[in-house]
There are 4 protein chains.
Amino acid sequence: MTRRERKEGITKQRKQQIFDAALKVFSKKGFDQATIPDIAQEAGVAVGTIYNYYQSKHDLLLSIIKGYIVTESFIGLLEQPPESSSAAAFISSLINERLSIGLDNADVMQLLMSEIQHDPELRRQYTEQVVVPNFKLLEEYLGLRIAKDTFRLSNIPIVVRALIGMIIGLAIISKIEGETGLMRRIPRQVLVAEVTKLILEGIERK
Amino acid sequence: MTRRERKEGITKQRKQQIFDAALKVFSKKGFDQATIPDIAQEAGVAVGTIYNYYQSKHDLLLSIIKGYIVTESFIGLLEQPPESSSAAAFISSLINERLSIGLDNADVMQLLMSEIQHDPELRRQYTEQVVVPNFKLLEEYLGLRIAKDTFRLSNIPIVVRALIGMIIGLAIISKIEGETGLMRRIPRQVLVAEVTKLILEGIERK
Amino acid sequence: MTRRERKEGITKQRKQQIFDAALKVFSKKGFDQATIPDIAQEAGVAVGTIYNYYQSKHDLLLSIIKGYIVTESFIGLLEQPPESSSAAAFISSLINERLSIGLDNADVMQLLMSEIQHDPELRRQYTEQVVVPNFKLLEEYLGLRIAKDTFRLSNIPIVVRALIGMIIGLAIISKIEGETGLMRRIPRQVLVAEVTKLILEGIERK
Amino acid sequence: MTRRERKEGITKQRKQQIFDAALKVFSKKGFDQATIPDIAQEAGVAVGTIYNYYQSKHDLLLSIIKGYIVTESFIGLLEQPPESSSAAAFISSLINERLSIGLDNADVMQLLMSEIQHDPELRRQYTEQVVVPNFKLLEEYLGLRIAKDTFRLSNIPIVVRALIGMIIGLAIISKIEGETGLMRRIPRQVLVAEVTKLILEGIERK
DNA sequence: AATGAATGAGCTTTCATTCAT
DNA sequence: GATGAATGAAAGCTCATTCAT
């Protein structure tokens, strides 16, 4: 390893260190209540050091949120459903994957939801890069399944929003209930199985 | 009306005036970005006047959130389902009422969700007064229906959370999509009907 | 005097108090070295109070400089020379008036000259509002006198710049030499008389 | 050349490199607005390197200003007028040389004038080493010429200050008017000739 | 009870300076 | 000698809160 490489490694590590600290503090206190000294202390660096890696507090927020957006978005695009898989399997894997992301990143999601309200540019980005394409993808898929006679006829855009909304809401409830709440105690696969069944079959007895 | 009563009436009215202004400004800008001068201007009073009615900015926030909690909670308790009504009708009216509250108060809900994270005491209150009793109520009701063979057997706590989560998530999506988004353009009863059907029947063709 | 009038009087007085303190501190330390706490202390108010009267430190600078620019400019426009007065009398009164302004406001002038270099907008304003019109006025006047055979033929723009430059330079020298320097010890009218004679007759013996 | 000599040569060169960069950046942005990273980049060295050659930012400023003072002063002392040359020729060469220095170094001069106000020690040095000796020299010379009946009788100290002041003022006006201003478009010799004539003969028709 | 000017603690950000490499 | 990341003091500015009127 050359000296340059080692240096770059340290730099990257230091940036990550600050990123992690910011994520933690933002999650705990919210963006406005979090202070740069808070983050510096959490990261174990001086205040000024943060500004060697991020242009501003807002930049730090963006880099956290954008990382999350990209994750959300790319995975969404990658998982284009193979024609072969059954409808139930697709819904199940969709819920599994999405719900996991939501539950595991509840902190960032909460942060995102909160900041999106007051930052129009952020909202535009999130809408364009995440909401619209993901909704579109799902709508197309559901349309296909209806055409194939697998799903019943319904107002697709509403169903898509209800489905995604349910996942978002579950993540939020999980966060409100906290570490000891039901959502964290139930095995992930049980949760996914039950929610999948709800979406596919509803609660009514046939 | 005695002089004392008239005075109290004016006082109450003035307090309401400030409350409304604070609700509006907090909803629009979020707690931290909202300033007392903002609220004073919106209420049409001087900055100092606000402190004659509320002890602090935080006190103002609490009174708004508590008001919302009470509303949510009381309505939840009042609407105990008559044994007579059909399962479908109950679910439909539940979704209708809850979703309406969520959509119409998306701003306050957002505020609540955000502040709950950073104020443990607030979270405790919300959990105890709203989350737990409402979840319990629904769980009991669903259990009853299952016993009556109207609903299929399922993991009740998860279904309850999925149902409530869906409503929360729909309110959030509605807020993200904004004024011109789909959620605001669809007639409320269409929305409710479709979501109700989804919950009752699922999306799979029988 | 009504209560409102008294209040406005106090407000005006407070603003002046801050203005004076800022002028003093800026003059002594220069714009960048002067701090808001410096000015606050000099004015005998709290830091925050300054921001109740001026939007920013830069705004405070502008208000000082603009006051000076207006003074310089308006007087220049008002003193349009009557056709009747003799050339010598005009030059004498011009030097008298201008030099007095320069000497009495050497601090602000110094400040202006310094900040003009780094603030293009300020430079544009100063050039448009002071330099160009004043130079033009003088050029026209000198042209008139040449046509009337009172002044010898010369490159008018250069003469104008040399004349104004001399006044500026004298003010600067006065400031460098300080309180005990020659420029402050000589009676103003002697100074004016000598400079006037220099401009009119030169130093060569005829 | 020994190794030691070569090393010292490199050292000297590096110091000059930093000096030049600092001069450039200070001139452009002013002392306070200029940053050490600015200067380092302009010099093509690292920030830390600057501190191997200069103790502080202020030290760098001093070394620049002192260099300029020495230049101004030495040239002033060196050009002692030969008795032989005519009065007109002396005044002309004085204006030519001084005005050229002023115009070509307007940036440094500006810097000097600005910093002199806030640094008493610097002012003392400048006064003692530049102002006093140069004024004295000129005063003596003018006195001589008056005695020789070449110049008319006048208040010599004032005339000296007016003459030097004119040169300073012209440099400043040149800077205010900027690249496209009149002062930069007129050929240097025309400027010098006109100013010389003004000083010698004045503007009045004889 | 209503007012709003005054306050100053506390925020984000900058940058001269240091020092381990 | 050269480097540039780390540092933290100190700046400009905001705004919740107070209190004399």
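Chain A is the first sequence line, chain B the second, and so forth, proteins listed ahead of strands; every chain is numbered from 1.
Atom pair B/Q55:CD and F/dA16:C1' shows a separation of 14 Å (rounding to whole Å applied). Rounded to an integer number of Å, the gap from CD1 of A/I10 to C1' of F/dT3 is 14 Å. Counting to the nearest Å, the C1' atom of E/dT17 and the NE2 atom of D/H58 are 16 Å from each other. Distance, C/K57 NZ to F/dG12 P: 4 Å, rounded to whole Å. In this structure, A/L61 atom CG and E/dT12 atom P are separated by 13 Å, rounded to whole Å. When rounded to the nearest whole Å, the span between NZ of B/K15 and C1' of E/dA2 equals 17 Å. Rounded to whole Å, atom C1' of F/dA2 lies 10 Å from atom CD1 of D/I18. Rounded to whole Å, the distance from CD1 on C/I50 to P on F/dC15 is 18 Å.
The D/Y51 side chain lies nearest to E/dT18 when the options are E/dG4, E/dT18, F/dG12. Candidate nucleotides E/dT17, E/dT3, F/dG1 were compared by shortest atom distance to the side chain of B/A46, and E/dT3 ranks first. Closest contact between the side chain of D/V47 and the listed nucleotides E/dA2, F/dA5, E/dT12 involves F/dA5.
For the pair B/S63 and B/F19, the minimum side-chain heavy-atom distance is below 4.5 Å. Looking at C/R123 and C/H118, their side chains never come closer than 4.5 Å, going by heavy atoms from C-beta outward.
Between atom CE of residue B/M109 and atom OG of residue B/S27 there is a gap of 12.0 Å, rounded to the nearest 0.5 Å. Once rounded to the nearest 0.5 Å, the distance linking CD1 of C/I65 with CZ of C/F26 reads 9.0 Å. The CD1 atom of A/I64 lies 12.5 Å from the NZ atom of A/K66; values are rounded to the nearest 0.5 Å.
The side chain of B/R14 places no N or O atom within less than 4.0 Å of a non-bridging phosphate oxygen (OP1 or OP2) of E/dA1. Residue B/Y53 places none of its side-chain N or O atoms closer than 4.0 Å to OP1 or OP2 of E/dA1.
Under the Watson-Crick or G-U wobble criterion, with both distances below 3.5 Å, F/dT7 is paired with E/dA16. Across all strands shown, E/dA1 forms no Watson-Crick or G-U wobble pair with both distances under 3.5 Å.
Of the possible polar contacts, one joining the B/D119 side chain to the B/L122 backbone as a donor-acceptor pair under 3.5 Å is found.
Residues from residues 112-123 of chain D lying near DNA chain E, meaning a heavy-atom separation below 4.0 Å, are absent. Near DNA chain F, meaning a heavy atom under 4.0 Å away, the residues from residues 24-45 of chain A are A/V45.
B/Y54 comes within 4.0 angstrom of nothing in the nucleic acid, heavy atoms only. As judged by a 4.0 angstrom heavy-atom cut-off over every strand, C/S56 is placed among residues touching the sugar-phosphate backbone only.
Between the side chains of C/D59 and C/S56, no donor N or O sits under 3.5 Å from an acceptor N or O. At a cut-off of 3.5 Å, with distance as the only test, no side-chain donor of D/K175 or D/Q110 sits close to an acceptor on the other residue.
Comparing C/T49 and A/N52, the nucleotide of DNA chain F nearest to each residue sits closer to the 5' end for A/N52.
Both tests pass for A/K15 against the ring of A/Y54: distance under 6.0 Å to the centre and angle within 45° of the axis.
A salt bridge does not link B/D107 to B/K28: none of the charged nitrogens lies less than 4.0 Å from a carboxylate oxygen.
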